[in-house]
Visitor: 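Quick one: the structure is below, questions incoming.
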Amino acid sequence: MRTYYFPLAGEGVPVYVPASRDDLVAFFEWFKHAAQRGPIALDTETTGLDIFSPGYRLRTVQFGQADQAWVIQFERGGSFERYVNTALWWGSTRFLIHNAPFDWLVLDRHADAPLEHMATRTTDTKILATLIDPRQPMEGGIGTGLKPLSAHYLDPSAPDTQADLHKVFRSYGYTKATGWARIPLEDETYLTYAGGDVILTARIAKLLTAELDALGVRKELVEYEHEISRICATMQRTGIVLDRDYVSELDTRLRADEERYTAIARRYGVTSVNASAQVAEALLGMGVELREKTKTGAYKVDKAVLTYLADMSLQGERLDVRTPNPLAEAVYHAKRAGKWRSAYVDTFLETVDADGRIHPMINTLQARTGRMSITRPALQTLPSSDWVIRRAMLADPGEVCVSVDFAAVELRVLAALADVRRMKEAISAGRDLHSYTAELIWGPDFTPKHRKIGKGASFGKVYGGGAETISRQTGAPISEVKTALTAYDRAYPEIKRAARRWEREARHNGMVTVTVTGRRLPLDPERAYAVTNYQVQSAARDVLGQALITMDESGLLPYLRLPIHDEVVASVPKADAEELTREIERCMRMNLGGVPIDAEGEIGGRSWGSLYGADF
DNA sequence: CCTCTCACG
DNA sequence: ACGTACGTGAGAGGT
């Protein structure tokens, strides 16, 4: 047995690395007794983040408590592997994991412990930390990584295990990307830090739990987040079928587009279409007048500017109001093709597994408001104006894609949270909310333009925007928007009252606003107006979270593929599509403070793109 | 590492 | 008293 010492708070905490059968027996003796005393912190070291790629390896599994850690070299196989699996299944052991979905999926795929088994016995310290303060250090928060949490709660000089390991990688001639797979399994720093991470997890868990108690965060909220985490990790494990033939064809097409338009831009002296300064200079040289500047004073040459000069709408349609500028046109097309290829198509090909499925990482508590994000690839942000990218994602064989959306969920949530009487009446009566708003402001003879301003005013309320922005967004004159906003506040006085109340309560609570589900959202003092948006966005996220739980309870989880803020995407057997879609809708519909939250599904064909106009 | 740009809800 | 658009992920270019 080798013993190393992890430096923490002025002491060396022992890290044991079993080398023989007897050592493993000693490990298991410790494990059984420790599991009786309390939860066991767990962590894994692997070859990387691409859990589903061929050749992926689980290298070590670490177990520990506050006073010691055990690093089991799983990669050595045989009894090392068997002892890990036995420990994972031992009795009713509780585990503490920092960022559990990753380790769940690793153990599910590469050890003998399914996600369903581990999830019910795990407390995720990252969830606990996020419920205390969701902000990253750059935003003025503690941070939710193991390193910043350890520095804050345990020891400001606790080793930065990741950063130090990167140095070790370099000493072997490896990089951040290759080091995790290639570092020798016997490296002392590697093993010591592997053990260190579970010691840190065990120690912060106690402090985080105490802090949650002190802050009065409800147990139900903590449990609810763990359920959502398990549900989304299950979706990640399931993955989505990629149409690889289509993607390679699309890749070729986008490359050709990019090259053709890049060549045109080069004729005007632009060697790199993404270098905005170069594009601006070339346009100015052609006699084009550029009026907009960026924050730092550079000429702005974004999509809005380029499409205007190219005589196109923002959606890319021909306007026929001016002579198109050929350079602007070429730069627009070249950038679009390049972006679509690098951000979407290339990531699809990089992340697809051997079975042709993509397993996007779903971060269930990413945004400050609790909103989720999806990465590798960023499937929440695929272009929706055109079907070509979404066409690459398929339902399973014999199944079709279904999308079920909440109807105007943020506005309904606002009506519920602020108890907006007229809005609630209109929603219950099944009225179109924006038309109703226009009627309240302008009377029964309101025009479509009035509806647009009314809609803009509602968004302004939800986002915290003012007359200027609404005027810019809707194209309506500022005076008209100002008048409309005054009338809006008269029609829905409860919104302003709620905003003032939320702001006042936040100030009394150390600039933290507490949502209807008990979530604590720190406010930036200089942006206190954002409180309405935080309340609404966060409650809407919890409406989605509740829907996910209800769907899981109804046995629908195997069909779910993605949560996208106010929408879920599913893959359902063709024969049962109608019935399952209605079932998803039923699970998503709910009542929030007397306001019905409605959901409506759409059944497509085999590809996700079929819901956006593709014919397959 | 920062800024800009662009994709989404 | 007034006005503030909210939340993300990702690539390219340049320092």
Visitor: Please list each protein N or O that sits under 3.5 Å from an N or O in nucleotides 13-15 of chain C, with the distance.
Guide:
residue	atom	partner	partner atom	Å
C:dG13	OP1	A:S272	OG	2.6

Visitor: Any residue in residues 562-570 of chain A with a heavy atom nearer than 4.0 angstrom to DNA chain B? Just list them by number, or reply none.
Guide: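 Close to the strand are A:I564, A:H565, A:D566.
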Visitor: Find the distance A:R519:CZ to C:dG7:C1' and express it as a whole number of Å.
Guide: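 One finds 14 Å between C1' of C:dG7 and CZ of A:R519, rounded.
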Visitor: Between the protein and nucleotides 2-5 of chain C, which nitrogen or oxygen pairs come in under 3.5 angstrom?
Guide:
residue	atom	partner	partner atom	Å
C:dT4	OP2	A:G466	N	3.4

Visitor: Show which side-chain atoms of residues 386-393 of chain A pair as donor or acceptor with protein atoms under 3.5 Å away, not counting sequence neighbours.
Guide:
residue	atom	partner	partner atom	Å
A:D386	OD1	A:V388	N	3.0
A:R390	NE	A:P383	O	3.0
A:R390	NH1	A:Y612	OH	3.1
A:R390	NH2	A:L382	O	2.6
A:R391	NH1	A:D243	OD2	3.0
A:R391	NH2	A:D243	OD2	3.4

Visitor: Starting at the 5' end of DNA chain C, write a dot or bracket for each base, bracketing those in Watson-Crick or G-U wobble pairs whose two distances are under 3.5 Å and using | for partners on another strand.
Guide: .....|||||||||.
Visitor: Kindly state which residues belonging to residues 370-393 of chain A come within less than 4.0 angstrom of DNA chain B, counting heavy atoms of the residue only, listed by number.
Guide: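 Within residues 370-393 of chain A, the residues near DNA chain B are A:R371, A:Q380, A:T381, A:L382, A:P383, A:S384, A:S385, A:R390.
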Visitor: Is the base of B:dC6 touched by the side chain of A:K303 through a donor-acceptor pair closer than 3.5 angstrom?
Guide: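 Counting by modelled atom types and ignoring angles, no donor-acceptor contact under 3.5 Å is found here.
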Visitor: In whole angstrom, give the distance that lies between atom CG of A:D302 and atom P of C:dA12.
Guide: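 To the nearest whole Å, that distance equals 19 Å.
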Visitor: Using the C1' atom on both, measure B:dG9 against C:dA5 and round to a whole Å.
Guide: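 My reading of the C1' atoms in B:dG9 and C:dA5 gives 14 Å.
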Visitor: Nearest-nucleotide wise, let me know which of A:N533 and A:R341 is further upstream toward the 5' end of DNA chain C.
Guide: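 That would be A:N533.
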Visitor: Calculate the interatomic distance between A:H333 atom NE2 and B:dT5 atom P; express it in whole Å.
Guide: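 Rounded to the whole Å, the gap is 19 Å.
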